[in-house]
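Everything on this sheet refers to the single structure shown next.
Values below: all heavy atoms of this structure, side chains included; hydrogens, waters and symmetry mates excluded. Bear in mind that the values here come from a model prediction, so they are computed numbers and not experimental data. Order of the sequence lines sets the chain letters (A, B, ...), proteins ahead of strands, with each chain counted from 1.
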Amino acid sequence: MDTILNKMNDEQKKAILATEGPIIVLAGAGSGKTRVLVHKVLYLIQEKEVSPHNIVMLTFTNKAAGEMKERIMNALGENAMRYSPPTVGTFHSLCAKILRVDGDAIGISNKYLIYDSSDQQQTVKDAMNLLSIPIKDAKPRSILSAISQNKNQLIDPVSYASFARGRFQEIVSRVYPLYQQLMKDRDALDFDDLLLETIRLFRTHPEILKKYQEQFQYILIDEYQDTNHAQYELSRMLSEKHKNICIVGDFSQSIYSFRGADFRNLKKFQEDFPKAQVFPLSQNYRSTQNILNAAYSVISHNTSHPVLNLWTENPEGEDLRILQAENEHHEVDQIIRLIHEAMDKNPDLTYADIAILYRMNAQSRTIEEVLLHHGIPYVLVGGLRFYERKEIKDVLSYLSYLATQKDSVALKRIEKLGKKRLSYFFEYLTEFDERGYYETKSTIDILDDVLRKTQYIEMYDERDPEDAPRLENIRELRSVALEFPNLTDFLQNVSLVEQEYRSDKSMQKSSRPNAITLMTLHAAKGLEFSMVFMIGMEEGLFPHSQALFDTTELEEERRLCYVGITRAKTKLTLTFAKRRLFFGQRLTPTVSRFIMELPTRVVEKNLKNMPTSDPDFF
DNA sequence: GGTCACACAGTTTTT
DNA sequence: CTGTGTGACC
C-alpha cells in the first residue's frame with residue numbers, strides 16, 4: 001500500500017487517507033480521479049480492514065462501474081480471492097437489486113420489467129388514447145419528459161395536480177396518474193421508478209432502510225454533479241447512519257441537467273454536512289498548460305458555480321488553433337490536412353489518437369462523407385443502441401410477454417409481427433404455462449423455442465446486407481441469454497447493463513482500432529485524445545440555438561465546451577464555417593462566443609491569420 | 001395487413 | 001435534408 005501511495009501527489013494522498021465522515025473530492029478534469037477512488041477502496045479494505053461487503057461505490061454509467069470494479073479486483077491481485085467483491089454499480093442497478101429483493105413490501109412484483117424510453121412513450125400514448133387526448137394537443141415525448149422531471153423531483157401525481165397551471169401542465173396532470181396506473185398494470189417500472197420506488201420503500205419501511213444502512217458503512221459516489229434530486233435523496237438516506245460518504249465531482253463538468261442532473265447537489269451536500277472535509281484535486285496529468293489555460297479562460301465566464309484552476313507539470317505545449325472554413329465540407333477537408341501534417345511531423349501519432357467532437361449527432365454525416373471520400377478510417381461512437389434495435393426489441397417482447405403476460409407494450413409489438421406468428425406464439429404461450437417452463441427451462445432454451453415456433457428468423461435473409469447484421473445481433477442476444485438462465489434475471493439485466501456489451505466489445509478488440517473517433521461532446525466525457533478537433537463552433541450550433549437566451553442553459557453549454565477542451569492532451573483545434581447547410585437551409589452563422597472567450601492571445605494570434613474579406617464576421 | 005405518399009419537426013443521452 | 005408518423009388506398 002505504501003508503494004501505491006508514494007505514486008500519488010499530496011492532494012491525492014490526503015483524499016485517499018481521509019476515510020471517516022463526509023468527504024468532498026473536487027476532482028478536476030484529468031486529475032486522476034478514478035485512481036483516487038480505486039485506491040480509496042483498496043485503502044479501506046487493506047489498511048482499515050473494512051470488509052468489501054460494507055463498501056458501496058456508485059457511478060454514473062455501467063461502463064465506469066465495470067472499469068472501477070476491474071481495477072479494484074486487479075489491484076487486490078492474488079488476495080482478491082479472500083474478499084467478496086464490494087458493491088459497485090449505478091444508482092439504478094443498485095435500486096433494481098434492492099427492489100428485486102425487498103420490493104414486495106411495497107407491492108412490487110419480483111418479476112417486474114424495466115421499460116425503456118420507447119416503451120414509456122408507448123405507454124404515454126396509450127394513456128392519452130384512454131383519456132381521448134389527441135397527440136397534436138401535446139407531444140407524448142414532452143409529456144414523458146415532464147413526468148420524468150416530476151419523478152426526479154419526487155413529485156407524485158396528486159401533488160402535481162395541485163399546482164399544475166396552463167394547458168400543457170393540465171394535460172400532464174391527467175396523463176401522469178394514468179401512466180403510473182398502466183405501468184403498475186403491466187408490472188413495469190421505468191428508470192426513474194427504480195430510484196423513486198426505492199425511496200418510497202425506504203420511507204415506508206425503516207427496517208429495510210436500516211438493513212442497507214448497516215451494510216453500506218462506506219459510501220463512495222462518483223460524478224456527484226450529475227446526480228438528480230432522487231439520487232441525492234437516496235445517498236442522503238443511505239449515509240444517514242454511518243455518515244461515511246465520499247462524493248467526487250466537478251461543477252465544471254456538469255452537462256446532464258436536461259435529464260434532471262443538478263450540480264447544486266454538490267453545494268447542498270456541503271450544507272447538509274458543514275463539517276465535510278473538502279479535497280480539491282487540481283493537478284492535471286493530461287493536458288498541456290496552454291490547453292488548461294484555454295479551458296479556464298472559457299469556464300471562468302460561468303458565475304453560478306465555483307471553478308477549479310487546474311495546473312500541470314506538463315510542458316506549455318503549442319498554441320490552440322482556430323480554423324475558419326467556407327462550409328461544412330471545407331471544414332472537414334482542412335481538418336484532414338492538419339491531421340496529415342501532424343502525422344508527417346510526428347510518426348508516432350496515429351488515427352487512434354485523434355477525435356473529432358461535435359454538438360449534435362446530425363453533424364457526423366458530413367464528416368463521415370468526407371472521411372470516406374479520403375479513405376480515412378473512423379469509428380462512430382453513439383447512434384442506435386443494441387437494446388433499441390428492432391430485432392432485439394422484437395425478440396425481447398416475446399420473452400417479456402412470456403414472463404409476466406402483462407406487458408401490453410410487448411404484446412402490441414408482437415401483434416405487429418404478423419397474425420401467423422401471433423398464433424404460433426400463443427400456442428407456445430399455452431405450452432409455456434401448462435408445462436411451467438418459467439420454472440424449468442433456461443432463458444436460452446425459451447429464446448430458441450420462441451424463435452423456432454414463431455419462425456421469427458425467417459423474416460430475415462442472411463444474404464441480404466441489411467438483414468445480416470440483424471441476425472448477428474440476435475446471435476449476440478443469445479450469448480447474453482446464456483449468462484442469465486433465469487428469465488426475469490435476464491430481462492432486468494439486459495435493459496440495465498446493455499451499454500457494457502456494446503462498448504466493451506468495440507473497445508476491447510484491439511483496445512482501439514487505428515481509426516479517428518467521431519462523437520458528440522457528451523459522449524467524450526471521461527475520455528482523452530492527443531489531438532482533438534471541436535467543430536461547428538458557431539452561435540446557434542454551439543452554443544445550441546435553444547440555449548442562446550437562457551443563462552442557465554448557456555452556462556451548461558459552456559461546461560460542455562470545457563469538457564471538450566479538456567479532452568485534448570497536446571493538440572487542440574476549434575473550427576467554424578462561414579456558411580453551413582442546416583436542415584436543408586444555408587445559414588450564415590456567426591462565430592461561437594466560446595471562441596471569443598479563449599485567452600486573448602490565442603484569439604488574436606489566430607484571427608491575424610484569417611482572411612479579412614469578411615470583416616463583419618466577428 | 002401492408003405499402004406509399006405526404007406532412008412535419010428537428011439538442012445533448014444514460015439509466 | 002432526413003427520419004418519423006399518419007392517413008389513404010389496395
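Distances were taken from every side-chain heavy atom of A:K139 (C-beta onward) to each of B:dT13, B:dG10, B:dT15; the shortest belongs to B:dG10. Out of B:dT14, B:dT11, B:dT15, the shortest distance to the side chain of A:N62 is found at B:dT15.
For B:dT12, the base adopts the anti conformation, since its glycosidic angle falls more than 90 degrees from zero.
Among residues two or more places apart in sequence or in another chain, the side-chain contact (heavy atoms from CB on, under 4.5 Å) test is passed with A:S252 by A:D250, A:I299, A:H305, A:V307, A:Y562. Every residue two or more places apart in sequence or in another chain that forms a salt bridge (charged side-chain N to carboxylate O under 4.0 Å, His left out) with A:D126 is listed here: A:R186, A:K412. Checked against salt bridge (charged side-chain N to carboxylate O under 4.0 Å, His left out), A:D489 has the following partners two or more places apart in sequence or in another chain: A:R100. By the salt bridge (charged side-chain N to carboxylate O under 4.0 Å, His left out) test, A:R359 is found to be paired with A:E557, residues two or more places apart in sequence or in another chain being considered. Residues satisfying the side-chain contact (heavy atoms from CB on, under 4.5 Å) test with A:S235, not counting sequence neighbours, are A:F91, A:I221, A:Y224, A:I245. With sequence neighbours left out, the salt bridge (charged side-chain N to carboxylate O under 4.0 Å, His left out) criterion links A:R586 to A:E328. By the side-chain contact (heavy atoms from CB on, under 4.5 Å) test, A:F258 pairs with A:Y256, A:H522, A:E556, sequence neighbours left out.
Between the P atom of B:dT12 and the CD atom of A:Q363 lies a distance of 9 Å, rounded to the nearest Å. Going from atom CZ of A:R141 over to atom P of B:dT12 covers 9 Å, rounded to whole Å. Protein atom NZ of A:K63 is 10 Å distant from nucleotide atom P of B:dT14, rounded to whole Å. Straight-line distance from the NZ atom of A:K151 to the C1' atom of B:dT15: 13 Å, rounded to whole Å. Atom CG in A:N152 sits roughly 11 Å away from atom C1' in B:dT15 (whole-Å rounding). Between the CG atom of A:D192 and the P atom of B:dT15 there is a distance of 14 Å, given to the nearest Å. Atom CZ of A:F582 is separated from atom P of B:dG10 by 12 Å (rounded to the nearest Å). Rounded to whole Å, atom P of B:dT14 lies 18 Å from atom CG of A:N493.
A donor-acceptor contact under 3.5 Å links the side chain of A:R359 to the base of B:dT12.
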Between the protein and nucleotides 1-8 of chain B, which nitrogen or oxygen pairs come in under 3.5 angstrom?
residue, atom, partner, partner atom, Å
B:dG1, OP1, A:K419, NZ, 3.4

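DNA chain B is contacted by both A:A362 and A:H92; A:A362 maps to the nucleotide lying nearer its 5′ end (nearest heavy atom per residue).
An OP1 or OP2 oxygen of B:dT13 is reached within less than 4.0 angstrom by a side-chain nitrogen or oxygen of A:T520.
Under the 3.5 Å distance criterion, with hydrogens and angles disregarded, no donor-acceptor pair is assigned to the side chains of A:Y176 and A:D156. Checked by atom type, the side-chain pair A:E331/A:T575 shows a donor-acceptor distance below 3.5 Å. Remark: the A:S148 side chain and the A:D192 side chain contain an N/O donor-acceptor pair separated by less than 3.5 Å.
Residue ring and base: A:H544 counts as stacked with B:dT11 (centre distance below 5.5 Å, interplanar angle below 30°). Here A:F258 lies parallel enough and close enough to stack on the base of B:dT12, with planes under 30° and ring centres under 5.5 Å apart.
Backbone-only contact: A:N361 has heavy atoms under 4.0 Å from sugar-phosphate atoms and none from a base. Among the atoms of the strands shown, only primed sugar atoms or phosphate atoms (P, OP1, OP2) are found under 4.0 Å from some heavy atom of A:F60. Among the protein residues, A:E557 comes within range of the nucleic acid bases, having at least one heavy atom under 4.0 Å from a base atom.
For the C1' atom pair drawn from B:dT11 and C:dT6, the interatomic distance equals 25 Å after rounding to whole Å. Rounded to whole Å, the separation between the P atoms of C:dT4 and B:dT13 comes to 16 Å.
The side-chain tip of A:K525 points at the ring of A:F60 from less than 6.0 angstrom away and within 45° of straight on.
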Produce a footprint string for nucleotides 1-10 of chain C: one letter per nucleotide, 5' end first; B if the base is under 4.0 Å from any protein heavy atom, S if only the sugar-phosphate is, - if neither. BS---S----
